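This is a predicted model, so every value here is computed, not measured.
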Amino acid sequence: MAMASVRNSLAGFVLFSIIFSFATASDPSPLQDFCVAINDATLVGGLFVNGKFCKDPKLVTADDFFFKGLDLSGSTNNAVGSNVTPVNVQQIPGLNTLGISLVRIDYAPNGGQNAPHTHPRATEILTLIEGTLLVGFVTSNPNNTLYTKVLNKGDVFVFPIGLIHFQQNIGDTSAVAIAALSSQNPGVITIGNAVFGSKPSINPDILARAFKIGQGVVKTIQNKFKT
């Protein structure tokens with residue numbers, strides 16, 4: 001009985017550990033007040049870590065926690081009609097280990113879009129500041145359910161971590177959104193760029209079979225992403 005009790009306790013502990021590890025799967029919690037990032041790895045012998053090395057706290061200044069310019073609109077004169085201004089650990093070194101960042105997104109009138117993409121390390125919560133957006137995300141296999149919503153000024157929408165999502169300006173005036181993300185460095189994978197614009201290119205036969213189109217169509221699309 002005692003041995004069975006030990007086995008049950010051990011099994012319970014293992015199960016708890018697994019559940020806890022998934023429940024806490026996000027940026028690691030800081031172990032000090034802050035860890036201002038050092039971008040030059042040569043200062044610490046060229047080593048790389050999951051995150052960034054810390055600046056000597058005695059050398060930290062208020063500027064390490066500051067970013068100026070989010071009030072400025074970004075140019076939307078590009079193929080997709082949008083511009084993303086990131087504010088993550090690359091722009092604010094003081095965000096290192098704090099597990100949060102944000103972006104400003106500007107959308108051109110009449111169709112400017114933040115093309116379908118994912119953030120592999122973050123959930124996103126978006127607030128529309130100006131304009132009208134059609135937003136949405138798609139769930140994972142096998143259902144691939146699409147959830148969409150039309151947002152107006154002041155509306156908020158959440159995109160769960162890792163899921164493909166998008167925004168498009170369906171109004172005839174410019175739109176602006178601010179989005180917060182649950183990682184100091186959420187990453188972004190734009191689907192079209194990754195699939196058709198990879199370096200080197202994915203074999204056209206693979207994409208032709210995956211998208212059920214001809215190889216000629218695949219090559220045409222790939223060429224568009226090379227220019």
For [X] against [Y], the heavy-atom pair lying closest together:
X: Q184; Y: L95; value: OE1-O, 3.4 Å
X: R121; Y: N185; value: NE-O, 2.8 Å
X: P186; Y: A122; value: CB-CB, 3.4 Å
X: L163; Y: V138; value: CB-O, 3.6 Å
X: T97; Y: C35; value: CG2-CB, 3.8 Å
X: A194; Y: I202; value: O-CD1, 4.3 Å

Can you tell me how far [atom2] of [Y] sits from [atom1] of [X], rounded to the nearest 0.5 angstrom?
X: N96; Y: I38; atom1: CG; atom2: CD1; result: 9.5 Å
X: S101; Y: Q90; atom1: OG; atom2: CD; result: 10.5 Å
X: I100; Y: L181; atom1: CD1; atom2: CG; result: 9.0 Å
X: L151; Y: Q167; atom1: CG; atom2: CD; result: 8.5 Å
X: D106; Y: S174; atom1: CG; atom2: OG; result: 7.5 Å

Of all residues at least two apart in sequence or in a different chain, which pass the side chain to side chain contact (heavy atoms under 4.5 Å, CB included) check with [X]?
X: T118; answer: P120, I164, I189, I191
X: I213; answer: F211, V217, V218
X: K224; answer: T220
X: N143; answer: T139, T145

- Taking the hydrophobic residues Ile, Leu, Val, Met, Phe, Trp and Tyr, and joining any pair whose side-chain heavy atoms are under 4.5 Å apart, which ones share a cluster with V156? I125, V158
- Tracing side-chain links under 4.5 Å among I, L, V, M, F, W and Y, which residues wind up in one group with V188?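 Direct or chained contacts put V188 with none.
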Are [X] and [Y] side-chain neighbours, meaning at least one heavy-atom pair lies under 4.5 Å?
X: N114; Y: Y107; value: yes
X: H119; Y: S183; value: no
X: V176; Y: I105; value: no

- Message: Test: side-chain hydrogen bond (donor to acceptor under 3.5 Å, both in side chains). Region: residues 186-207. Which pairs qualify, not counting sequence neighbours?
- Response: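 Those involving residues 186-207 are D205-R209, D205-Q215.
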- Message: Please determine whether residues V195 and I206 belong to a single hydrophobic cluster, defined as Ile, Leu, Val, Met, Phe, Trp and Tyr linked transitively by side-chain heavy-atom distances below 4.5 Å.
- Response: yes
- Query: If two hydrophobic side chains count as joined below 4.5 Å and joins carry through other members, does L126 share a cluster with V103?
  - Reply: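 Yes, because L126 and V103 connect within a single hydrophobic cluster, where side-chain heavy atoms sit under 4.5 Å apart.
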- Pairwise salt bridge (charged side-chain N to carboxylate O under 4.0 Å, His left out) hits with a residue in residues 165-191, at least two apart: none
Counting distance only, does the side-chain N/O of [X] pair as donor-acceptor with the main-chain N or O of [Y] below 3.5 Å?
X: R104; Y: D71; result: yes
X: N83; Y: S75; result: yes
X: S182; Y: T123; result: yes

- Query: Listed by chain and number, what are the side chain to side chain donor-acceptor pair (under 3.5 Å) partners of T76, not counting sequence neighbours?
  - Reply: none
- Message: Which residues pass the side chain to side chain donor-acceptor pair (under 3.5 Å) test with N169, not counting sequence neighbours?
- Response: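 Checked N169 against side chain to side chain donor-acceptor pair (under 3.5 Å); zero matches.
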Show which side-chain atoms of residues 53-69 pair as donor or acceptor with protein atoms under 3.5 Å away, not counting sequence neighbours.
{"residue": "K55", "atom": "NZ", "partner": "D64", "partner atom": "OD1", "Å": "3.3"}
{"residue": "K55", "atom": "NZ", "partner": "D64", "partner atom": "OD2", "Å": "3.1"}
{"residue": "D56", "atom": "OD1", "partner": "K58", "partner atom": "N", "Å": "3.0"}
{"residue": "T61", "atom": "OG1", "partner": "D63", "partner atom": "N", "Å": "3.4"}
{"residue": "D64", "atom": "OD2", "partner": "T61", "partner atom": "N", "Å": "2.9"}

- Message: For I92 and V87: C-alpha separation, side-chain torsions, deciding distance, then whether side chain to side chain contact (heavy atoms under 4.5 Å, CB included) applies.
- Response: CA-CA 7 Å; I92 302 182; V87 185; 3.4 Å; yes
- Would you please test F166 and Q113 for side chain to side chain contact (heavy atoms under 4.5 Å, CB included) and show each step? CA-CA 7 Å; F166 61 87; Q113 65 171 284; 5.7 Å; no
- Task: Quick one: do H165 and F159 satisfy ring pair (Phe, Tyr, Trp, His ring centres under 6.0 Å)? Show the steps, please.
- Result: CA-CA 7 Å; H165 59 283; F159 304 104; 4.6 Å; yes
- Query: Yes or no on side chain to side chain contact (heavy atoms under 4.5 Å, CB included) for L133 and I170, after CA distance, side-chain angles and deciding distance?
  - Reply: CA-CA 6 Å; L133 291 182; I170 58 174; over 6 Å; no
- Message: Using side chain to side chain contact (heavy atoms under 4.5 Å, CB included), reason through L134 and T148 one step at a time and then give a plain yes or no.
- Response: CA-CA 7 Å; L134 172 67; T148 63; 4.3 Å; yes
- Task: Quick one: list whatever passes salt bridge (Lys or Arg N to Asp or Glu O under 4.0 Å) with K153, sequence neighbours left out.
- Result: E130
